[in-house]
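Everything on this sheet refers to the single structure shown next.
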Amino acid sequence: MEAAMFSQHNQQRAGAGLGALSVDASLTNIARRRAQDMAANNYFAHTSPTGETAFTLMNGVGYVYAIAGENIARNNYPDGESVSVAMSGFMNSPGHRANILDGRYTKVGIGMAVDANGMKYFAVVFAG
């Protein structure tokens, strides 16, 4: 599902005349940690109950960036629909859409996790 979401991000960018994002291993690790934390601790927010964010994680590993952003989504749709539903939500939300279509972003990491009840959590971390 992470690969499908990556592909859909680049399809949206191509449709807007923007260059493709490239996968960054550090951002992927951070995005996966964010998604896993939300799934394990039953919350859905940009800031964890302990105060952790994508940005504190980036700073903690010494990731250097000029601009960064995070999109998060969750749903319990069947596996074959979950990514498309999340992307539709992103593209219909002005803030999330702006992140996806921001030409200053060149790198991305995407993480996905599933909680015990089957809820799927997605975290997308952008940097440029």
Side-chain angles (χ1 to χ4, degrees):
M1 283 191 229
E2 292 172 355
M5 183 163 278
F6 173 70
S7 177
Q8 288 195 26
H9 273 70
N10 279 332
Q11 288 172 12
Q12 292 293 337
R13 289 173 64 89
L18 297 169
L21 296 165
S22 62
V23 173
D24 182 281
S26 292
L27 295 179
T28 298
N29 289 337
I30 290 165
R32 286 177 177 160
R33 184 166 166 184
R34 293 278 303 121
Q36 290 164 359
D37 191 57
M38 286 187 283
N41 295 300
N42 194 33
Y43 73 94
F44 181 65
H46 290 286
T47 303
S48 77
T50 62
E52 187 174 81
T53 68
F55 312 108
T56 62
L57 292 171
M58 291 168 79
N59 294 336
V61 298
Y63 194 91
V64 178
Y65 58 92
I67 183 172
E70 179 189 50
N71 284 354
I72 58 174
R74 72 175 175 181
N75 67 61
N76 60 359
Y77 279 78
D79 289 356
E81 299 173 34
S82 188
V83 170
S84 293
V85 169
M87 281 301 297
S88 178
F90 285 157
M91 295 308 290
N92 287 316
S93 162
H96 294 97
R97 180 184 180 92
N99 276 342
I100 293 167
L101 300 180
D102 191 326
R104 297 172 296 174
Y105 291 134
T106 57
K107 301 197 180 301
V108 70
I110 298 172
M112 189 278 254
V114 183
D115 74 10
N117 298 316
M119 182 67 73
K120 297 168 188 78
Y121 291 81
F122 298 91
V124 182
V125 181
F126 303 90

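Atom CZ in R34 sits 7.0 Å away from atom OG1 in T47 (nearest 0.5 Å). Separation of atoms CG (N59) and CD1 (I30) is listed at 9.0 Å; rounding is to 0.5 Å. Atom OG1 of T50 sits about 6.0 Å away from atom CG of D37, to the nearest 0.5 Å. Atoms OG1 and CD, on T53 and E70 in that order, are 7.5 Å from each other to the nearest 0.5 Å. Atom OH of residue Y105 and atom NE2 of residue H9 lie 11.0 Å apart, to the nearest 0.5 angstrom. Atom CE of M112 and atom CE of M5 lie 9.0 Å apart (nearest 0.5 Å).
Of all heavy-atom pairs between T28 and V108, the closest is OG1-O, 4.3 Å. Nearest heavy atoms, M1 versus V83: O-CG2, 3.5 Å. In terms of heavy atoms, I72 sits closest to A45 at CD1-C, 3.5 Å. Between A123 and M38, the shortest heavy-atom distance links the atoms CB-CE, 4.5 Å. When all heavy atoms of A127 and L27 are compared, the closest pair comes out as CB-CD1, 3.8 Å. Taking all atoms of both residues into account, the shortest heavy-atom contact from V114 to A39 is C-CB, 4.1 Å.
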Handout entry: Evaluation steps, side chain to side chain contact (heavy atoms under 4.5 Å, CB included), between N10 and R13
Key = CA-CA 5 Å; N10 279 332; R13 289 173 64 89; 3.9 Å; yes
Practice task
Could you give me the CA-CA distance, side-chain angles and deciding distance for N75 and E81, then say whether side chain to side chain contact (heavy atoms under 4.5 Å, CB included) is met?
Solution key: CA-CA 10 Å; N75 67 61; E81 299 173 34; over 6 Å; no
Exercise for the section: Take V125 and L57, measure what side chain to side chain contact (heavy atoms under 4.5 Å, CB included) needs, and give me the verdict at the end. Expected result: CA-CA 11 Å; V125 181; L57 292 171; over 6 Å; no
Problem - Worked verdict on N71 versus F122 for side chain to side chain contact (heavy atoms under 4.5 Å, CB included) - result: CA-CA 8 Å; N71 284 354; F122 298 91; over 6 Å; no
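Within 6.0 Å of CZ in R74 there are more than 12 heavy atoms belonging to other residues, nucleotides or ligands. For OH of Y43, the number of neighbouring non-hydrogen atoms (other residues, nucleotides, ligands) closer than 6.0 Å is greater than 12. With a 6.0 Å radius and a threshold of 12 heavy atoms from other residues, nucleotides or ligands, N41 has its CG atom above the threshold.
At a threshold of 4.5 Å between side-chain heavy atoms, the hydrophobic network of Ile, Leu, Val, Met, Phe, Trp and Tyr places F55 and V61 in one connected group. Following chains of ILVMFWY side-chain contacts shorter than 4.5 Å, one cannot reach V85 starting from I110, and the two form parts of different hydrophobic clusters. Clustering ILVMFWY residues whenever any of their side-chain heavy atoms sit less than 4.5 angstrom apart, transitively, puts M91 in the very cluster that holds V124. Cluster membership check: I67 shares its hydrophobic cluster with F126, using side-chain heavy-atom separations under 4.5 Å among Ile, Leu, Val, Met, Phe, Trp and Tyr.
Below 30°, between 30° and 60°, or above 60°: for F90 and H96 the angle between ring planes is below 30°, a parallel geometry.
Looking at Q12 and M87, their side chains come closer than 4.5 Å, going by heavy atoms from C-beta outward.
Remark: the backbone N or O of N117 is paired with a side-chain donor or acceptor of D115 at under 3.5 angstrom. Of the possible polar contacts, none joining the N76 side chain to the G118 backbone as a donor-acceptor pair under 3.5 Å is found.
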